[in-house]
Amino acid sequence: MNKKSVRDVEVSGKKVFVRVDFNVPLENGHITDDTRIRETLPTIRYLTERGAKVILASHLGRPKGQVVEELRLTPAAARLSELLGRPVVKADEAIGDAVKAQIAKLNDGDVLLLENVRFYEGEEKNDPELAQAFAELADLYVNDAFGAAHRAHASTEGIAHHLPAVSGLLMEKELDVLGKALHSPERPFTAIVGGSKVKDKIAVIENLINLADNLLIGGGLSYTFLKAQGYEIGKSLVDNDKLDLTLSFLKKAKEKGCNLLLPVDIVVGDAFSNDANTKIVPINEIPADWEGFDIGPKTRELYADVIAKSKLVVWNGPMGVFELDPYLNGTKAVAEACAGTEGYTVIGGGDSAAAAEKFHLADRMDHISTGGGASLEFMEGKALPGVVALNDR
Ligand SMILES: Nc1ncnc2c1ncn2[C@@H]1O[C@H](COP(=O)(O)OP(=O)(O)O)[C@@H](O)[C@H]1O
Ligand SMILES: O=C(OP(=O)(O)O)[C@H](O)COP(=O)(O)O
């Protein structure tokens, strides 16, 4: 990576503002998945062990510039303290004199967590005054919030213009792994794209056609490809204004030598529910009054075979409605194939990461990104504002 990391700068005795992504799922005030907190421990420990005063900042949810009591970061501070085995001071604000006074009391190696930065209107607007107010709290800025790196906000981008700005260890790891996949992939390189809508995945499909040897398409977005080729898709999800676009993807894949595979059979159902009637049909026999909810067994085998022979696999988006029992087998088969392949497997966050967890296969993947939207934008080939703003090496 051509951006400086926390390893490239002196941190001892410094006040370090570390932007993390503690946007974790909460139920009744309890954190149901602390992965994002655990993944920042290497950076926090790196800093505390070297005698830095660590000032953590994060958003949680989308409070839209208002104080929302349920979106305070208090549970995250408690969880972090347990994980670190040391106290974490929790501030009730993210800027201002009271916070400055709390920071002044920190000893070298202490950790403080600021309040939710999205309680301030200026955060999402990338207000320079708010960025300046954050910068006044510290001597150095470290961005470890890969999950929010696609946002140009005051604490992810603006602040980097006011302080020396470097990446944290999680950010560095994410960019290294995803960057290697996109810039110097081991081949055969297989990309798997699923999920619900073509419109959300246009840019990533376009970019991956240029890069991957195999592109496996599944999930709700397959039906737009199938309809464009003239198949009856019944009541399946479709983006009717993207039919020509999907045909152009097929053409482009042929030109580029990318082996773009579509489902050959489908699990259709009569309802979006756990007790739906289902049947398996080849793609030319989808009944007009049924809906496609998953890839079928032949497709599972075909895709698993390609994955098994790959040196690098990047997966974004489920193969079917894996949240429902009748429609989870396609996603499960792809997750199992990813877990079993000798190749290096990268899961692009979001629902694919949730699926890997659901099937207890997460620890058999090589890298599960902490960013859904961020990893998608990265795979689309877009520059991430939170990374661009960091100091060059
Ligand atoms: N055939 C399908 N019909 C309708 N919805 C689908 C189908 N296949 C997958 N989905 C849904 O797509 C959703 C995930 O889509 P998306 O957000 O694009 O994925 P990701 O978060 O991995 O990028 C899942 O909730 C899943 O139920
Ligand atoms: O959870 C996040 O996004 P993700 O679910 O796409 O990974 C990030 O914390 C970004 O949050 P945002 O989409 O409210 O800016």
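When a ligand or atom number is given, it counts from 1 through the structure's own listing order.
Counting non-hydrogen atoms of other residues, nucleotides and ligands closer than 6.0 Å to CD of Gln66 gives a total of 12 or fewer. Counting heavy-atom neighbours within 6.0 Å of Gln229 CD, excluding the residue itself, gives a total above 12.
Ion pairing between Arg79 and Asp34 holds under the 4.0 Å rule for side-chain N and carboxylate O. Salt bridge Lys64/Glu124: absent, no basic N to carboxylate O contact under 4.0 Å. A salt bridge does not link Glu10 with Lys14: none of the charged nitrogens is closer than 4.0 Å to a carboxylate oxygen. Between Glu39 and Lys173 there is a salt bridge, since at least one side-chain N of the basic residue sits less than 4.0 Å from a carboxylate O of the acidic one. Remark: Glu255 does not engage Lys252 in a salt bridge, criterion side-chain N to carboxylate O under 4.0 Å. A salt bridge does not link Lys4 to Asp392: none of the charged side-chain nitrogens sits closer than 4.0 Å to a carboxylate oxygen.
Between Asn316 and ligand 1 there is a heavy-atom distance shorter than 4.0 Å. Residue Gly372 places every heavy atom at 4.0 Å or more from ligand 1. In this structure, Phe272 does not count as a contact residue of ligand 1, since none of its heavy atoms falls inside 4.0 Å of the ligand.
Between Ser196 and ligand 1, a contact under 3.5 Å exists for at least one N or O pair. In terms of polar-atom proximity, defined here as any N/O pair under 3.5 Å, Asp351 does make such a contact with ligand 1.
Using modelled atom types and a 3.5 Å distance limit, the side chains of Arg19 and His59 yield a donor-acceptor pair. Under 3.5 Å, the side chains of Asn214 and Lys309 contain no donor-acceptor pair of N or O atoms.
Close contacts of ligand 1 with Gly219, meaning ligand atoms under 4.0 Å from a residue heavy atom, involve 1 (N), 8 (N). Residue-ligand proximity, Pro318 to ligand 1, at heavy-atom distances under 4.0 Å covers atoms 14 (C), 19 (O), 22 (O), 24 (C). Atoms of ligand 1 lying under 4.0 Å from at least one heavy atom of Phe293, given by number and element, are 1 (N). Each of the atoms 22 (O) of ligand 1 lies under 4.0 Å from some heavy atom of Ser352.
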One pair per line, please: each N/O atom of ligand 2 matched with every protein N/O atom under 3.5 Å away, atom names first, then the distance to 0.1 Å.
residue, atom, partner, partner atom, Å
ligand 2, 1 (O), Asn23, ND2, 3.0
ligand 2, 1 (O), Arg36, NH1, 2.9
ligand 2, 1 (O), Arg36, NH2, 3.3
ligand 2, 6 (O), Gly373, N, 2.7
ligand 2, 7 (O), Arg36, NH2, 2.8
ligand 2, 7 (O), Gly372, N, 2.7
ligand 2, 9 (O), Asp21, OD1, 3.2
ligand 2, 9 (O), Asp21, OD2, 2.8
ligand 2, 9 (O), Asn23, ND2, 3.0
ligand 2, 9 (O), Arg36, NH1, 3.4
ligand 2, 9 (O), His59, NE2, 3.0
ligand 2, 11 (O), His59, NE2, 3.3
ligand 2, 13 (O), Arg62, NH2, 2.6
ligand 2, 13 (O), Arg151, NH2, 2.8
ligand 2, 14 (O), Arg62, NE, 2.8
ligand 2, 14 (O), Arg62, NH2, 3.2
ligand 2, 14 (O), Arg118, NH1, 2.9
ligand 2, 15 (O), Arg118, NH2, 2.7
ligand 2, 15 (O), Arg151, NE, 2.6
ligand 2, 15 (O), Arg151, NH2, 3.4

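The nearest heavy-atom contact from the protein to atom 7 (C) of ligand 1 is Gly220 N, 3.3 Å. The protein heavy-atom contact nearest to atom 1 (N) of ligand 1 is Gly292 O, 3.2 Å. For atom 22 (O) of ligand 1, the closest non-hydrogen atom on the protein side is Gly317 CA, 3.2 Å. Remark: minimum distance from atom 23 (O) of ligand 1 to any protein heavy atom is reached at Lys201 NZ, 3.0 Å. Considering only non-hydrogen protein atoms, atom 6 (C) of ligand 1 sits nearest to Val321 CG2, 3.5 Å.
Sequence neighbours left out, the pairs with a member in residues 235-280 that pass ring pair (Phe, Tyr, Trp, His ring centres under 6.0 Å) are Phe272-Phe293.
At a 4.0 Å heavy-atom cut-off, ligand 1 does not touch Tyr327 at all. Contacts between Glu323 and ligand 1 below 4.0 angstrom, taking non-hydrogen atoms only, involve the side chain exclusively. With a heavy-atom cut-off of 4.0 Å, Glu291 does not touch ligand 1 at all.
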Please table the atom pairs, donor to acceptor, closer than 3.5 Å between any side-chain atom in residues 319-329 and protein atoms at least two apart or in another chain.
residue, atom, partner, partner atom, Å
Tyr327, OH, Ala271, O, 2.7

Show me the side-chain donor-acceptor pairs of residues 360-367 shorter than 3.5 Å, one per line, residues at least two apart or across chains.
residue, atom, partner, partner atom, Å
Asp366, OD2, Thr345, N, 2.8
Asp366, OD2, Thr345, OG1, 3.2
His367, NE2, Glu174, OE1, 2.9

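Cation-pi geometry between Lys235 and Trp290 is not satisfied (NZ or CZ under 6.0 Å from the ring centre, within 45° of the ring normal).
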